[in-house]
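When a residue number appears, it is its place in the shown sequence, counting from 1. FYI, side chains are in, hydrogens and waters are out, and symmetry mates aren't considered; it's all heavy atoms of this structure.
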Amino acid sequence: MGKSKEKNKRNGHQGLGLENVKEALKKYEGTCTIEQEDGEFRVILLIPDAREEEKA
């Protein structure tokens with residue numbers, strides 16, 4: 001936590017995982033909410049259920 005835009009090269013990762021998730025969510029019209037409070041980091045992903053749209 002703390003350096004959200006810096007790349008993390010530890011273990012071969014670049015720290016871009018959430019950006020990839022956000023891109024994928026666009027395809028499904030989903031949302032991503034990121035919260036940080038009292039040393040906790042929370043990511044909330046909401047993806048609409050396409051089956052519900054088919055019923056309407």
Side-chain angles (χ1 to χ4, degrees):
M1 251 177 21
K3 297 181 180 181
S4 61
K5 295 290 182 181
E6 265 187 41
K7 290 185 179 182
N8 178 358
K9 294 187 179 181
R10 177 180 49 121
N11 296 327
H13 295 279
Q14 294 182 327
L16 301 174
L18 285 177
E19 292 302 320
N20 290 334
V21 169
K22 288 179 186 179
E23 277 299 311
L25 283 171
K26 286 181 187 178
K27 178 179 177 181
Y28 300 101
E29 298 180 8
T31 61
C32 176
T33 304
I34 301 171
E35 302 172 350
Q36 178 181 344
E37 185 178 332
D38 297 328
E40 290 185 3
F41 181 73
R42 180 177 309 139
V43 178
I44 302 167
L45 305 175
L46 297 176
I47 305 169
D49 187 347
R51 295 175 295 185
E52 292 297 320
E53 292 178 12
E54 291 173 2
K55 291 179 184 178

(request) Please list, chain by chain and in numerical order, all residues satisfying side-chain contact (heavy atoms from CB on, under 4.5 Å) with Ile34, sequence neighbours excluded. (result)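 Listed in chain order: Leu18, Lys22, Cys32, Phe41, Val43.
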
(request) Evaluate the side-chain proximity of Leu25 to Thr31: yes if any heavy-atom separation is below 4.5 Å, no if none is. (result)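 Result no, sub-4.5 Å side-chain heavy-atom pair not found.
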
(message) I need the minimum non-hydrogen distance between Gly30 and Pro48, along with the two atoms involved.
(response) CA-CD, 3.8 Å

(message) Please enumerate all residues that pass salt bridge (charged side-chain N to carboxylate O under 4.0 Å, His left out) together with Glu35, with sequence neighbours excluded.
(response)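 Once residues adjacent in sequence are excluded, the partners of Glu35 under the salt bridge (charged side-chain N to carboxylate O under 4.0 Å, His left out) criterion are Arg42.
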
(message) Restricting to side-chain hydrogen bond (donor to acceptor under 3.5 Å, both in side chains), what partner residues turn up for Lys26, sequence neighbours left out?
(response)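 Result, side-chain hydrogen bond (donor to acceptor under 3.5 Å, both in side chains) vs Lys26: Glu23.
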
(request) Would you kindly confirm whether Val21 and Tyr28 end up in one hydrophobic cluster when ILVMFWY residues are joined by side chain heavy atoms under 4.5 Å apart? (result) yes

